[in-house]
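Input: a single structure, listed below in structure tokens.
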Amino acid sequence: MKQDIFYVSIFIAIFFSCKQSENKALKTETITIYEAIENNGKYSKGNINTKYSLGFHPNGSQRFFAGLVGYEGTKDTTFYEESKQNEVKKEGNKSFIYSPSNELIGVYVEKSDTSFFYLGESFDRPDSYEIRDNKGRLKSRYEYILGELRTYTNAIFNDQNLCTYAILEVDYIPTGVDSLIYNEIELAKRRVEKRKKLIYEAEYTFY
């Protein structure tokens, strides 16, 4: 289950990374998440919570993944051969993403300032969604499999509108599965325990 969460989360990260950087071909992306230490309302970096790096071929297909900190069993870099690009078929506000073998990977749905991503073809609930401002800059992201809503505050963006720094406000939003496992008192306790602030840093290189 832990590995399933890891792979789905990384797949979504790869998808949105490529979606965000359509103006230039993204070469590498390295994300570092730190614990946030508060002092008189200001935040500084504590220990590294997670760190990973993604690499891409010039055509946008994944070149490597390196789980550097916080990913069990992913300390070594895994390289991938350059593959054909996934095919995207647009229908209205929906983008259907197909693998080179013509299998449906997921569906990307845009509604106003919110972009929803569904793995597979089920529209029962989104696996992830992002909210952006009118310049396309990230404001918040929710991942169902983690039950986390991350709001990007004090954010800094590069000229590609990719976030390079932010203080993340993390809130726990119970999933349907959580509601079956925990009662209301336990859910309320988890909301408090999982609420936290983190510091996000990202470095990008382009072709």
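Within a 6.0 Å radius of CD in E193, other residues, nucleotides and ligands contribute more than 12 heavy atoms. Heavy atoms from other residues, nucleotides or ligands lying under 6.0 Å from CD of E203 number 12 at most. Counting heavy atoms of neighbouring residues, nucleotides and ligands inside a 6.0 Å radius, atom CG of L180 exceeds 12 of them. The number of heavy atoms from other shown groups lying within 6.0 Å of CG (N59) is above 12.
Distance CG/N86 to CG/N102: 11.0 Å, rounded to 0.5 Å. Summarising the geometry, atom OG belonging to S101 is positioned 11.5 Å from atom CD belonging to E87; distances are rounded to the nearest 0.5 Å.
For the residue pair L187 and P174, the shortest heavy atom distance occurs at CD2-CB, 3.9 Å. Shortest non-hydrogen contact noted between G67 and Y52 is CA-CB, 4.3 Å. Of all the heavy atoms in P58 and A25, the pair that sits closest is O-CB, 4.1 Å. Considering all non-hydrogen atoms of both residues, L138 and S140 come closest at CD1-O, 3.5 Å. Shown here for I173 and Y142, the closest heavy-atom pair between the two residues is O-OH, 3.7 Å. Between F56 and Y207, the shortest heavy-atom contact is O-OH, 2.7 Å.
In this structure, the ring of Y118 has its center less than 6.0 angstrom from the ring center of F123. Taking the six-membered ring for Trp and the full ring otherwise, the centers of Y152 and Y200 sit less than 6.0 Å from each other.
Side-chain contact of T114 with S112: a donor-acceptor pair under 3.5 Å is absent, judged by distance alone. Residues T30 and S53 have side chains that bring a donor and an acceptor to within less than 3.5 angstrom of each other. No side-chain N or O of S128 forms a donor-acceptor pair with one of Y144 less than 3.5 Å apart.
Linking ILVMFWY side-chain heavy atoms closer than 4.5 Å, directly or via other members, places I156 and I167 in a single hydrophobic cluster. Linking Ile, Leu, Val, Met, Phe, Trp and Tyr residues whenever their side-chain heavy atoms come within less than 4.5 Å leaves I37 and I48 in two separate clusters. Linking Ile, Leu, Val, Met, Phe, Trp and Tyr whenever their side-chain heavy atoms come within less than 4.5 Å puts V88 and I105 in one cluster.
The backbone N or O of V109 sits nowhere less than 3.5 Å from a side-chain atom of N93 that would complete a donor-acceptor pair. When atom types are taken as modelled, the side chain of N39 and the backbone of K42 share no donor-acceptor pair closer than 3.5 angstrom.
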Practice prompt. Tell me, with the steps shown, if N47 and E35 meet side chain to side chain donor-acceptor pair (under 3.5 Å).
Written response: CA-CA 6 Å; N47 294 329; E35 302 290 345; over 6 Å; no

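Residues L198 and R150 form a side-chain contact, since some pair of their non-hydrogen atoms from C-beta on lies under 4.5 Å apart.
When the side-chain hydrogen bond (donor to acceptor under 3.5 Å, both in side chains) test is applied to Y172, the partners found at least two apart in sequence or on another chain are D178, R190. With sequence neighbours left out, the side-chain hydrogen bond (donor to acceptor under 3.5 Å, both in side chains) criterion links T153 to no other residue.
Looking at D171 and R195, a side-chain N of the basic residue comes within less than 4.0 Å of a carboxylate O on the acidic one, giving a salt bridge. Using a cutoff of 4.0 Å between basic side-chain nitrogens and carboxylate oxygens, D127 and R125 are scored as salt-bridged.
Taking the ring axis of Y98 as reference, the NZ or CZ atom of K89 stays within 45° of it and closer than 6.0 Å to the ring centre. For the pair R137 and F157, the cation-pi test (distance below 6.0 Å, angle within 45°) is passed. Taking the centre and axis of the six-membered ring of Y34, the NZ or CZ atom of K45 falls inside the cone set by 45° and 6.0 Å. For the pair R63 and F79, the cation-pi test (distance below 6.0 Å, angle within 45°) is failed.
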